[in-house]
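Step one of this worksheet: look at the structure below.
The analysis underlying the following values was restricted to heavy atoms, covering all of them including side chains, and did not include hydrogens, waters or symmetry mates.
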Amino acid sequence: MVGEEGAFVLGWDEVLTEEELSMTLKVLCMSEEEFKKYKEQDGWEDDSEEEENSTLSNEALSKLKTPCKKLLYDSVLLTLESYRSDFKAEQDLINNKEAYEKLSRREQQALHVRYGQKRILHQLLELVH
């Protein structure tokens with residue numbers, strides 16, 4: 001459902017792989033009976049109208065049903081735990097000009113990438129909490 005990497009792409013304002021995340025949330029938040037029906041029908045026959053009108057913007061994420069919000073929240077926590085470095089420590093390093101300048105250019109770039117990813121994940125935590 002989510003491709004080879006099993007990851008979703010999040011942006012500052014919306015989910016960029018919204019179709020995959022939407023489908024995954026639908027399936028994972030189904031009751032056993034709903035899932036049996038889903039499998040028997042080989043998926044939904046035509047959700048196109050519903051899908052066209054629903055983008056996973058930040059506002060839409062904050063309005064998800066409680067089970068889906070909990071699933072996303074727990075998933076984000078697991079993702080954040082997979083990082084070896086602490087969000088606050090990275091923020092402090094970026095703000096400490098002297099320590100930051102001691103990093104190589106490559107280390108600075110990696111720091112900004114990790115920090116940006118974590119900022120988006122923390123934003124998602126706020127939206128679904």
Side-chain angles (χ1 to χ4, degrees):
M1 237 184 279
V2 290
E4 292 178 20
E5 293 184 24
F8 301 104
V9 180
L10 306 171
W12 286 111
D13 301 316
E14 65 187 12
V15 176
L16 302 177
T17 53
E18 64 185 69
E19 185 177 328
E20 291 89 346
L21 180 58
S22 179
M23 179 65 71
T24 300
L25 289 174
K26 281 181 184 180
V27 171
L28 292 176
C29 294
M30 285 179 182
S31 67
E32 187 176 343
E33 185 61 37
E34 290 170 325
F35 185 69
K36 285 179 184 175
K37 185 177 178 183
Y38 173 78
K39 281 178 47 178
E40 288 170 6
Q41 294 177 354
D42 197 26
W44 286 282
E45 292 173 3
D46 187 17
D47 274 353
S48 57
E49 186 177 314
E50 180 185 327
E51 294 298 322
E52 285 176 17
N53 296 328
S54 67
T55 60
L56 286 179
S57 65
N58 288 349
E59 183 180 346
L61 287 169
S62 67
K63 294 179 180 178
L64 288 172
K65 294 177 183 176
T66 301
C68 292
K69 287 170 84 171
K70 171 130 177 60
L71 181 62
L72 275 176
Y73 187 87
D74 291 345
S75 298
V76 169
L77 288 179
L78 285 172
T79 302
L80 286 170
E81 287 175 11
S82 71
Y83 285 93
R84 295 180 189 185
S85 55
D86 179 59
F87 180 68
K88 176 81 168 93
E90 288 181 345
Q91 186 176 35
D92 292 343
L93 182 56
I94 287 172
N95 292 329
N96 182 337
K97 187 175 181 177
E98 187 177 313
Y100 179 78
E101 288 178 354
K102 288 181 183 178
L103 299 174
S104 71
R105 182 76 178 131
R106 187 175 190 159
E107 289 171 323
Q108 289 174 355
Q109 291 171 339
L111 173 63
H112 280 285
V113 169
R114 282 191 317 271
Y115 181 69
Q117 291 170 342
K118 290 176 188 178
R119 281 183 59 203
I120 289 173
L121 291 170
H122 280 276
Q123 175 181 290
L124 182 55
L125 282 178
E126 292 296 319
L127 291 169
V128 298
H129 191 261

Single-linkage hydrophobic cluster, 4.5 Å side-chain cutoff, V128 and L78 together: no
Q123 and L10, any side-chain heavy atoms less than 4.5 Å apart: no
For the student: nearest non-hydrogen atoms of E14 and S57, plus distance: CB-CA, 3.7 Å
Distance, nearest 0.5 Å, that separates CG of L28 from CE of M23: 11.5 Å
side-chain hydrogen bond (donor to acceptor under 3.5 Å, both in side chains): pairs with one or both residues in residues 71-81, sequence neighbours excluded: K70-D74
Approximate separation, where rounding is to 0.5 Å, of E33 CD and K37 NZ: 8.5 Å
Other residues, nucleotides, ligands: >12 heavy atoms within 6.0 Å of H112 NE2: yes
Side-chain donor-acceptor distances from residues 62-69 under 3.5 Å, at least two apart:
{"from": "S62", "atom 1": "OG", "to": "E59", "atom 2": "O", "distance (Å)": "2.7"}
{"from": "K63", "atom 1": "NZ", "to": "E59", "atom 2": "OE2", "distance (Å)": "2.9"}
{"from": "K69", "atom 1": "NZ", "to": "S62", "atom 2": "O", "distance (Å)": "3.0"}

Shortest non-hydrogen contact between M30 and E34, atoms and distance: CA-OE1, 3.3 Å
Distance, nearest 0.5 Å, that separates CD of Q108 from CZ of R106: 13.0 Å
Any Y83 side-chain heavy atom under 4.5 Å of L121 side chain: yes
Atom of K118, atom of F87 and distance for their closest heavy-atom approach: CB-CD1, 3.4 Å
Shared hydrophobic cluster for L16 and I120 (ILVMFWY, side-chain gaps under 4.5 Å): no
Side-chain heavy atoms of L103 within contact of L93, under 4.5 Å: yes
Pairwise distance CG(L72) to CG(L56) - rounded to 0.5 angstrom: 8.5 Å
same_hphob_cluster(L125, L21) at 4.5 Å side-chain heavy-atom cutoff: yes
Residue pair L124 / V15, side-chain heavy-atom distance below 4.5 Å: no
Single-linkage hydrophobic cluster, 4.5 Å side-chain cutoff, Y115 and L80 together: no
Residues K36 and E40 bridged, charged N to O under 4.0 Å: no
Hydrophobic cluster membership, L77 vs F8, 4.5 Å side-chain cutoff: yes
Test item: N96 side-chain N/O and D92 main-chain N/O as donor-acceptor pair under 3.5 Å: no
